[in-house]
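In what follows, a single structure is set out as structure tokens and then discussed.
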Number of protein chains: 2
Amino acid sequence: MEYNELIKVLSDKGLKVTPQRVAVLEALYEIKNHPSAEQIRQKLHARYPSIAIGTIYNILDTFCEQGIIKKVKTDSDFVRYDVDMERHHHIYCENCNHIENYHDPELDELLKNYFEKKRIPNFQIHDFNLQIIGRYAEHQNKPNQNN
Amino acid sequence: MEYNELIKVLSDKGLKVTPQRVAVLEALYEIKNHPSAEQIRQKLHARYPSIAIGTIYNILDTFCEQGIIKKVKTDSDFVRYDVDMERHHHIYCENCNHIENYHDPELDELLKNYFEKKRIPNFQIHDFNLQIIGRYAEHQNKPNQNN
DNA sequence: TTATTAAACAAGAATAATTCCTAAATAAGA
DNA sequence: TCTTATTTAGGAATTATTCTTGTTTAATAA
């Protein structure tokens with residue numbers, strides 16, 4: 001992603017453009033697959049050895065508040081973050097703990113229609129998130145993402 | 001739940017029947033709505049002031065391994081546990097952080113059929129978990145469950 | 001019933017992700 | 001350029017969870 005685009009993401013949200021924020025945002029787009037704060041720190045270490053882990057958490061929190069990223073909770077002991085802000089679901093591999101985003105407007109439509117017919121009493125639905133749990137076929141080589 | 005039933009749950013899984021395990025299991029059934037380890041400790045405090053929090057974690061881990069309960073990850077900073085082992089989905093209230101179980105075999109069937117037609121390449125699905133996010137109607141009085 | 005023993009427990013220390021605090025640095029607007 | 005509110009670095013504090021060790025106990029067999 002171009003430097004100018006990164007800056008635009010920040011300034012569109014009224015955020016001050018700091019080198020740290022640009023670097024974290026770039027790392028989020030580069031790593032893509034749901035990095036943790038620690039993974040971002042490691043990615044940035046070459047270019048930015050002085051960035052504090054607390055700063056990374058601050059920045060990630062700010063990005064969450066501004067709707068630039070989302071937290072993803074997993075079975076691991078830390079929070080992961082997702083730059084993909086379109087509605088999507090998650091594929092979890094029980095074997096390698098890889099999380100993959102799953103976009104499927106047809107499924108979204110199916111769920112929406114289903115819950116328009118079958119309402120949940122006293123509850124107004126805003127969003128869905130389907131966790132699809134299973135395993136990749138053998139010989140797939142996804143990086144292990146826990147621990 | 002009767003004492004005898006509680007004991008049966010444990011011994012059916014080949015677990016030693018200890019007062020601590022029985023008490024934790026009973027608390028899980030009593031609290032029902034996805035308690036944390038700390039909530040269980042508090043619930044037990046009157047009857048069982050000496051139980052160690054580490055013991056509660058041990059017991060909960062053992063129960064998870066034996067398929068008596070499941071972990072539920074949320075946006076809060078701690079793990080919650082669920083005694084409901086039938087397939088079900090979760091309703092999250094953004095307002096009060098209440099989590100409710102949602103059983104819907106018709107929905108299960110719908111999802112199953114959908115993904116039998118529309119396969120995910122290179123991935124074998126074992127299970128689904130739909131998070132339904134929204135709000136209870138006003139004047140609902142669900143206890144706040146975070147913090 | 002009692003003795004044996006592997007498993008479970010209590011207590012508290014250790015760990016690790018995350019948050020908090022404060023002084024110094026800095027981006028943005030005047 | 002100057003001003004000021006915001007952001008960052010660095011490190012201490014917090015907190016859920018795990019680990020360790022010595023003690024206790026449930027289950028089994030004699």
Side-chain angles (χ1 to χ4, degrees), chain A residues 3-4 6-25 27 34-42 44-45 47-66 68-69 71-81 145-147, chain B residues 3-4 6-25 27 34-42 44-45 47-66 68-69 71-81 145-147:
Chain A
Y3 182 71
N4 286 343
L6 295 172
I7 285 187
K8 189 167 185 315
V9 171
L10 298 176
S11 50
D12 280 358
K13 298 290 185 177
L15 295 176
K16 277 193 187 175
V17 176
T18 68
Q20 292 89 340
R21 283 180 175 167
V22 175
V24 169
L25 188 59
H34 312 93
S36 64
E38 180 55 27
Q39 277 180 291
I40 290 168
R41 198 188 59 73
Q42 282 169 22
L44 262 49
H45 191 259
R47 287 178 263 170
Y48 221 110
S50 68
I51 197 166
I53 187 71
T55 299
I56 292 175
Y57 279 105
N58 271 343
I59 290 173
L60 291 170
D61 274 358
T62 306
F63 287 1
C64 284
E65 280 166 24
Q66 295 302 325
I68 297 171
I69 60 175
K71 289 188 180 190
V72 184
K73 289 275 177 166
T74 72
D75 281 342
S76 57
D77 289 330
F78 42 81
V79 178
R80 297 211 219 163
Y81 299 86
Q145 303 217 328
N146 270 356
N147 313 321
Chain B
Y3 182 72
N4 286 343
L6 295 172
I7 286 187
K8 189 166 188 312
V9 171
L10 298 176
S11 51
D12 279 358
K13 298 287 185 178
L15 295 176
K16 275 193 189 175
V17 177
T18 69
Q20 292 89 340
R21 283 179 175 167
V22 175
V24 168
L25 188 59
H34 313 93
S36 63
E38 180 55 27
Q39 276 180 291
I40 289 168
R41 197 188 59 75
Q42 282 169 22
L44 262 49
H45 191 259
R47 287 179 262 171
Y48 221 111
S50 68
I51 197 165
I53 187 72
T55 299
I56 293 176
Y57 279 106
N58 272 342
I59 290 174
L60 291 170
D61 274 358
T62 306
F63 287 0
C64 283
E65 280 165 23
Q66 296 301 326
I68 297 170
I69 59 175
K71 290 188 179 188
V72 184
K73 289 275 176 167
T74 72
D75 281 342
S76 58
D77 289 331
F78 42 81
V79 176
R80 298 211 218 163
Y81 300 86
Q145 302 217 330
N146 270 355
N147 314 321

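Residue numbering restarts at 1 for every chain, and letters A, B, ... go by the order of the sequence lines.
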**Sub-4.0 Å heavy-atom contacts from residues 51-60 of chain B onto DNA chain D, ordered by number** = B:Tyr57
**Item:** Heavy-atom pair with the smallest gap, counting every atom of B:His34 and B:Gln39
**Value:** O-OE1, 4.1 Å
Anything under 3.5 Å between a protein N or O and an N or O of nucleotides 27-29 of chain C, put it in a table, one pair a line.
| from | atom 1 | to | atom 2 | distance (Å) |
| --- | --- | --- | --- | --- |
| C:dA27 | O3' | A:Val17 | O | 3.4 |
| C:dA28 | OP1 | A:Val17 | N | 2.8 |

**Request:** Using salt bridge (charged side-chain N to carboxylate O under 4.0 Å, His left out) as the criterion, list what pairs up with B:Lys13, not counting sequence neighbours.
**Result:** none
**Asked** Within this structure, what is the CZ-to-C1' distance between B:Arg41 and C:dA10, rounded to whole angstrom?
**Response** 14 Å
**Fill in**
For B:Ile56 and B:Ala37 the tightest heavy-atom approach is CG2-O, 3.9 Å
**Prompt:** Touch check for A:Ser36, heavy atoms < 4.0 angstrom, all strands: base, sugar-phosphate only, or nothing?
**Reply:** nothing
**Item:** Contacts of type side-chain contact (heavy atoms from CB on, under 4.5 Å), residue A:Phe63, not counting sequence neighbours
**Value:** A:Leu10, A:Leu15, A:Arg21, A:Val24, A:Leu25, A:Leu28, A:Ile59, A:Ile68, A:Ile69
**Request:** Please round to 10 degrees the angle between the axis of the first five pairs and the axis of the last five pairs in the helix from C:dT1-D:dA30 to C:dA30-D:dT1.
**Result:** 40°
**Asked** In whole angstrom, what separates A:Arg21's CZ from C:dT26's C1'?
**Response** 12 Å
**Request:** On DNA chain D, reading 5' to 3', which nucleotide is the first and which the last to sit with an atom under 4.0 Å from a heavy atom of chain B, could you check?
**Result:** D:dA16 to D:dA27
**A:Phe78 side chain, from C-beta outward: closest of C:dA17, C:dT19, C:dC9** = C:dA17
